[in-house]
Student: 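So that we are looking at the same thing, I have put the structure below in structure tokens.
Heavy-atom basis, side chains included; hydrogens, waters and symmetry copies ignored. Numbered from 1 within each chain, the chains take letters A, B, ... in sequence-line order.
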Amino acid sequence: MKHWLLKSEPSVFGLEQLRAAPKKTTHWDGVRNYQARNLLRDEIQVGDEAFLYHSNCAEPGIVGILRVVRSGYPDHTAFEPGHDHHDPGSTPENPRWYMVDVQLVRALKRVITLEELRAHQEQKLRDFQLLRRGNRLSVMPVSDVHWRFILSRE
DNA sequence: GCCAACGTTGGC
DNA sequence: GCCAACGTTGGC
């Protein structure tokens with residue numbers, strides 16, 4: 001089982017919406033970056049766990065734990081004209097974008113903030129992709145060592 | 001294939 | 001709202 005980090009702006013979709021969703025499950029749609037797409041399509045497996053990260057908000061940080069309940073399948077929001085995530089270059093016959101389904105396992109007892117993660121950048125969280133300068137990936141792998149360390153901070 | 005222009009991301 | 005970093009686009 002692998003670990004991941006999924007990034008989302010809470011004003012668009014975050015912990016609260018996930019909590020309110022039926023079975024606390026949702027499809028993770030709207031990823032429009034090829035590197036992240038490849039992970040969603042090829043790498044992420046049912047049973048994998050992921051941190052939910054809130055970005056572009058007052059307190060950016062890790063807020064919860066998700067479980068992957070369906071592995072990569074075409075992101076149908078790309079097929080819908082008028083949808084925010086519509087992409088005429090993606091068709092059901094030849095889909096360009098993929099998504100997975102995730103279920104909320106639990107919220108963290110407290111937010112592990114970006115600031116706090118940064119404080120460990122030189123030691124325990126060396127090479128943590130989230131902390132790379134200018135990192136913009138919305139889906140990224142988390143090593144087992146980093147995963148366990150972050151959870152131990154909770 | 002190069003690279004400038006442009007749009008988006010995301011911390012602050 | 002600002003702006004640095006980065007990905008994508010499109011002319012050549």
Student: Is Arg118(A) paired with Glu115(A) through a side-chain N to carboxylate O contact shorter than 4.0 Å?
Tutor: no
Student: Is it true that Tyr73(A) and Asp101(A) share a donor-acceptor pair across their side chains at a distance under 3.5 Å?
Tutor: yes
Student: When every nucleotide of nucleotides 5-12 of chain B is labelled 5' to 3' by its protein contacts under 4.0 Å (heavy atoms), B for base, S for sugar-phosphate only, - for none, what sequence of letters results?
Tutor: --BBSBBS
Student: Any salt bridge between Asp87(A) and Arg32(A), counting N to O under 4.0 Å?
Tutor: no
Student: Asp29(A) and His85(A): side-chain donor and acceptor closer than 3.5 Å?
Tutor: yes
Student: On DNA chain C, check which nucleotide each of Tyr34(A) and Arg133(A) is closest to and give me the residue with the more 5' one.
Tutor: Arg133(A)
Student: Should the ring pair Tyr34(A) and Trp97(A) be called parallel, tilted or perpendicular, given that the plane angle runs from 0 to 90° and is split at 30 and 60?
Tutor: tilted
